Amino acid sequence: MGQNSRIALIAGDGIGPEVMRVGVRLLEHLRDKKGLPIELWSLPFGAEYWLEYGVGLPDAVFAEIRDTTRAVLLGALGDPRIPGHEHAREILFGLRFGLDLYANVRPVRALVDRHVPLSGRAASAIDICVFRENTEGLYAGIGGQLRRGTAAEVAIEEDVNTRLGVERIVRAAFDYARREKRRLCMSDKSNALRHAHDLWQRVFHAVRSEYPDVPSEHLYIDALCYELVRDPARFSVIVCCNLFGDIISDLVAALGGGLGLAPSASLHLGGTQPGVFEPVHGSAPNLAGQGLANPIAMLRTVGLLAEFLGAPEQRAAIELAAGQALEAGECTPDVGGSLDTDAAGDAVLRRLR
Ligand code: NAD
Ligand code: IPM
Ligand code: MN
């Protein structure tokens, strides 16, 4: 990397700033000790900003992110004082849709046997990467309400699926599975959703024929939930629509030890857009302000960011250090430890030094 990589930081709400603090320490380590040419740019957006100025992400800042950064690192968004989630949608969807980040990649690899909630399963049984379509489906925001607030009201949310949108995420998942020599499962609800998910079926079969070397299968989403709990080792790469991917990624996170450990990246693979990196978890208002947030999801998210910046060996080192800290029980209560957020972050960072 010749030029500096400018990284925008949006800590957000709830536990967002608490885990962001730890993430920034890791970014500083990568910059100062590992020579990654990182330039940090802190932004104030989140619930407080919305409450004061009535805006989530100003257009000019969006344009500056698009034009001058390599990535955005996000904490979490969501605040009980904004029950309509307007600011969270404006920021999250503003970035995901505005930058056309069609691939939401959510890898879950269990690090410690005792974190797997299914009896008799070892950590090695849980190594699943969800490829969630991230720009359309039921998240497209097309719809409306009629006769709102009356007994006769109507609410419509359209499920938008395009050939281009489905094909590029299915292809991204197959490319990844081929590169990593992994199996793939496409999941939809084409037995019920006969227009939208019939398109997923047809695209899946067309793309799959180009990847005869990648073992692949299809499961309806209900069956996938069932099989994930019964036999998680069967699954490796999962590709699905936006809403199913959101749901499945929390289920898979639980199999791997919980949301406190699960990272995510929103990418436009093959493009030059900045990527958006964020833990899978939200702002966890039930934990906020108490030092109870597990920082490892954020640290692993920085690992994905390091890989995106061309330093996969740094991601591997972070994974190793996180595994060692967890194995030693030097972690937060959600994964069986008694450390607070900063000390649990230290336990990983110390092992990297
Ligand atoms: P959540 O992910 O915040 O919390 C779900 C459960 O996981 C809670 O029990 C929480 O305590 C636990 N948890 C989450 N992160 C943890 C961590 N780092 N360490 C330990 N435990 C952790 O989901 P929610 O409660 O449904 O949502 C809270 C708010 O966050 C809502 O406003 C929601 O819309 C928002 N949210 C935002 C994002 C995001 O910014 N990307 C993602 C999910 C939810
Ligand atoms: C996630 C979150 C968001 C989503 C919410 C906060 C809108 O759950 O990133 O998984 O549904 O995409
Ligand atoms: Mn989610």
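Both ligands and their constituent atoms are indexed starting at 1 by order of listing. All residue numbers refer to positions in the sequence shown, counting from 1. Model, not experiment: these values are computed from the prediction.
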Closer than 4.0 Å: a protein non-hydrogen atom to atom 21 (N) of ligand 1: yes
Heavy atom of protein closer than 4.0 angstrom to atom 2 (O) of ligand 1: yes
Taking atom 7 (C) of ligand 2 as the reference point, the nearest protein heavy atom with its distance: Phe93 CZ, 3.8 Å
Backbone or side-chain N or O of Asn286 under 3.5 Å from ligand 1 N or O: yes
Which segment of Leu92 sits under 4.0 Å of ligand 2 when only heavy atoms are counted: side chain
Sole candidate of Ile238, Ile221, Val239 that passes side chain to side chain contact (heavy atoms under 4.5 Å, CB included) when paired with Phe244: Ile221
Pairwise distance CG(Asp342) to CG(Asp346) - rounded to 0.5 angstrom: 7.0 Å
Protein residue, atom and distance nearest to atom 11 (O) of ligand 2, heavy-atom basis: Tyr139 OH, 2.6 Å
For atom 14 (C) of ligand 1, the protein heavy atom that lies nearest, with its residue and separation: His281 CB, 3.6 Å
Polar side-chain atom of Glu153 near backbone of Gly149 as donor-acceptor pair, under 3.5 Å: yes
Passing candidate, side chain to side chain contact (heavy atoms under 4.5 Å, CB included) with Glu278, options Leu77, Val19, Leu92: Leu92
The Mn ion (ligand 3) contact by Asp250, N, O or S atom under 2.8 Å: no
For atom 18 (N) of ligand 1, closest protein heavy-atom neighbour: Asn294 O, 3.1 Å
Nearest-neighbour protein heavy atom for atom 1 (C) of ligand 2, which is reported as residue plus atom name and distance: Arg106 NH2, 3.4 Å
Nearest non-hydrogen protein atom, atom 35 (C) of ligand 1: Leu77 O, 3.2 Å
Atom pair CH2 (Trp50) and CG (Asp13), whose distance is rounded to the nearest 0.5 Å: 12.0 Å
Which of the ligand 2 atoms, numbered from 1, are nearer than 4.0 Å to a heavy atom of Arg96: 1 (C), 4 (C), 9 (O), 12 (O)
Residue part near ligand 1, for Val280, under 4.0 Å between non-hydrogen atoms: backbone
Leu43/Leu9 under side-chain contact (heavy atoms from CB on, under 4.5 Å): CA gap, chis, key distance, verdict: CA-CA 6 Å; Leu43 294 170; Leu9 308 172; over 6 Å; no
Distance filter under 4.0 Å to Gly78 heavy atoms, resulting ligand 1 atoms: 32 (O)
Residue, atom name and distance, where the atom is the protein heavy atom closest to atom 29 (C) of ligand 1: Ser283 OG, 3.2 Å
Distance from atom 12 (C) of ligand 1 to nearest protein heavy atom, with residue and atom: Leu287 CD1, 4.5 Å
Nitrogen or oxygen atoms of Asp246 and ligand 2 under 3.5 Å apart: yes
Leu57 backbone acceptor or donor facing Glu90 side chain under 3.5 Å: yes
Any side-chain heavy-atom pair of Asp334 and Leu292 under 4.5 Å: no
Residue, atom name and distance, where the atom is the protein heavy atom closest to atom 6 (C) of ligand 1: Leu259 CD1, 4.1 Å
Distance in Å, Ser5 OG paired with Leu36 CG, rounded so as to fall on 0.5 Å steps: 8.0 Å
Residue selection (non-hydrogen contact nearest atom 42 (C) of ligand 1) among Ser264, Gly282, Ala76: Gly282
Protein contact to atom 28 (C) of ligand 1 [nearest heavy atom, distance to 0.1 Å]: Pro285 CD, 3.6 Å
Heteroatom of Asp246 nearest to the Mn ion (ligand 3) (N, O or S, atom name): OD1
Taking atom 41 (N) of ligand 1 as the reference point, the nearest protein heavy atom with its distance: Glu278 OE1, 2.9 Å
Aromatic ring proximity, centroids under 6.0 angstrom, His268 and Tyr102: yes
Residue-ligand contact His281/ligand 2, heavy atom below 4.0 Å: no
Gap between atom CZ of Arg183 and atom CD of Glu217 - 0.5 Å precision: 8.5 Å
Aromatic ring proximity, centroids under 6.0 angstrom, Phe204 and His197: no
Nearest heavy-atom neighbours spanning Ala293 and Thr341: O-OG1, 2.7 Å
4.5 Å side-chain heavy-atom contact, Leu111 and Glu319: yes
Contact check: Gly260 vs ligand 1, nitrogen or oxygen atoms, below 3.5 angstrom: no
Contact partition for Ala297 relative to ligand 1, non-hydrogen atoms under 4.0 Å: neither
Atom 26 (O) of ligand 1 touched by protein (heavy atom, under 4.0 Å): no
For atom 31 (C) of ligand 1, the option (of Arg96, Glu18, His85) bearing the nearest heavy atom: His85
Approximate separation, where rounding is to 0.5 Å, of Arg106 CZ and Ile128 CD1: 14.5 Å
Non-hydrogen side-chain atoms of Leu267 and Leu101 separated by less than 4.5 Å: no
